[in-house]
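Written below as structure tokens is the structure these notes are about.
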Amino acid sequence: MVRINGNYLKLPGSYLFSTIAKKVAAFSETNPDKEIIRLGIGDVTLPLTPTILAAMHTAVDEMGQAETFRGYAPDLGYSFLREAIARTDYQKRGCAIDPEEIFVSDGAKSDSGNIQEIFDNACRIAVTDPVYPVYVDSNAMAGRCGDYDKEREVWTNVIYMPSTSENHFVPEFPKETPDLIYLCLPNNPTGTTLKKSELQAWVDYAIKNRAVILYDAAYEAYIHEDDVPHSIYECDGARECAIELRSFSKNAGFTGVRLGFTVVPKDLVVDGTPLHSLWARRHGTKFNGAPYIIQRAGEAVYTDEGQKEIRGLVSYYMENAKVIKDGLQSLGFEVYGGVNAPYIWLKTPDNMTSWDFFDDLLNRANVVGTPGSGFGPSGEHYFRLTAFGTHENTKKALERIRENYR
Ligand code: MLT
């Protein structure tokens, strides 16, 4: 008799951003005259840049000619892209990462959800709290998180590492020893970062405890301050304990294009098995490669022009971050992030719950944000706004917030 994967039944509600989308749709239906500004999900608004578009057009034309047509892409990615990534993102920064250690994919969300498959189900995960929900949900689907405690809104078998204003959003090492440690830096949702010495301490901790760090660097392009590492491989020993996930979504605006990559160094060996070969096996079995046209677009990101253009995108969004941060601070809000990340993390006014503030902001200012509690229990009484809107909408959202919360 067929049985379902009962772990899915343990998952609370729907995925955070689907819940928000449903709530906003319901609000729109009952308030069709209201113009809603969406600063909720971290989705970009600026179009693809000219160099990237030109590369895509050329690749489209190549696909229309018998001589240049391409079928299945290599499972692990075309070497033209893997070489460009290794050179620009790693070797130029002094990180010894080889193109062969780079696995091209259709985005960091898939990779961050799938990577847990190569680990035993008995592995215990540790996550910062608040945290990008995909890490926990994907492990819960695999049955690694125990049961969901509805009252406390936590999984019984997950090690949560609270990151709040009290510890300046720098989590302490957990009391229980984890096997897999998820770190997202610059952090989604809090927008904070670690200094190099702080990240080095995590690498040392992982090596000492024979744990693996799953390092999500999707927001790396937003780092502006010195002494903030752009890759975990800037730390000594990271090749032996860390997998890094990267995205083209937030730096180059590929949220609708889909491209990402994961780095699995060949020195990362667990129980005598290199994780590189396990991930290659998984990738080769379940994935037929990111499309040629998209990988050519990714390659264009690494040209001089491409790099200049994507720096322009990042600066544009960071201007929004400043508008939001300064605006909220001037209204007396307690505000974090927005310096090395496109997210602003604020304390809700009057100690409102995150979801109450979500409703209040939507009803009064017609602005959508993301409730902090959706990212974990320590996100309660916090709220996230994204800097990925247009300048015009960001300013308008701030004006509305000013009118309603002065
Ligand atoms: C977010 O809003 O946290 C992200 O955009 C979600 C994602 O990247 O999947």
Side-chain angles (χ1 to χ4, degrees), residues 11 13-24 36-46 105-116 127-141 163 169 182-193 214-222 244-262 290 313-314 317-318 320-321 324 336-338 340-346 354-355 358 361-362 367-376 378-379 382-390 393-394 397:
L11 294 165
S14 54
Y15 181 60
L16 173 63
F17 293 106
S18 316
T19 308
I20 293 173
K22 275 189 215 135
K23 271 183 163 270
V24 176
I36 295 171
I37 300 178
R38 289 176 167 78
L39 301 182
I41 191 163
D43 196 2
V44 295
T45 48
L46 291 178
S105 74
D106 64 349
K109 184 175 184 180
S110 321
D111 283 353
S112 59
N114 292 330
I115 194 75
Q116 47 77 29
V127 294
T128 55
D129 170 24
V131 68
Y132 179 45
V134 172
Y135 313 149
V136 177
D137 286 4
S138 56
N139 277 282
M141 287 169 177
S163 314
F169 304 97
Y182 284 87
L183 294 179
C184 173
L185 293 160
N187 188 255
N188 176 16
T190 66
T192 47
T193 49
L214 300 169
Y215 189 80
D216 183 347
Y219 299 94
E220 169 277 333
Y222 290 83
E244 183 164 293
L245 306 139
R246 292 269 191 120
S247 169
F248 286 76
S249 289
K250 319 292 169 159
N251 60 347
F254 278 31
T255 53
V257 174
R258 309 309 307 148
L259 192 66
F261 63 90
T262 289
L313 299 180
V314 169
Y317 294 130
M318 288 312 281
N320 288 343
I324 301 173
Y336 305 92
N340 293 301
Y343 294 125
I344 313 297
W345 188 242
L346 56 126
S354 302
W355 277 109
F358 173 90
L361 190 65
L362 180 59
V367 171
V368 181
T370 308
S373 56
F375 296 100
S378 298
Y382 286 93
F383 199 76
R384 193 192 80 176
L385 290 173
T386 136
F388 287 122
T390 60
N393 276 347
T394 305

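Whatever order the structure lists ligands and atoms in, that order sets their numbers, starting from 1.
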Quiz item: With respect to atom 8 (O) of ligand 1, which of Lys250, Arg384, Lys109 exhibits the smallest heavy-atom separation?
Solution: Lys250
Exercise. Give yes if a backbone or side-chain nitrogen or oxygen of Tyr132 is under 3.5 Å from a nitrogen or oxygen of ligand 1, and no if not.
Key: yes
Quiz item: N/O to N/O below 3.5 Å, does that happen between Asn188 and ligand 1?
Solution: yes
Quiz item: Does Arg384 make a cation-pi contact with Tyr343 (under 6.0 Å, within 45 degrees of the axis)?
Solution: yes
Quiz item: So, Tyr132 versus Phe375, ring centres under 6.0 angstrom or not?
Solution: no
Run the numbers for me: atoms of ligand 1, each under 4.0 Å from some heavy atom of [X], listed by number.
X	result
Tyr343	1 (C), 2 (O), 3 (O), 4 (C), 5 (O)
Phe17	1 (C), 2 (O), 3 (O)
Ile41	2 (O), 5 (O)
Gly42	1 (C), 2 (O), 5 (O)

Exercise. Ignoring hydrogens and angles, tell me if any N or O in the side chain of Lys250 forms a donor-acceptor pair with the backbone of Gly42 under 3.5 Å.
Key: yes
Quiz item: Just by modelled atom types, is the Gly40 backbone N or O under 3.5 Å from a matching donor or acceptor in the Thr370 side chain?
Solution: yes
Quiz item: Do Asp216 and Leu183 have side-chain heavy atoms sitting under 4.5 Å apart?
Solution: no
Quiz item: For the residue pair Tyr317 and Tyr222, does the interplanar ring angle fall in the parallel (under 30°), tilted (30 to 60°) or perpendicular (over 60°) class?
Solution: tilted
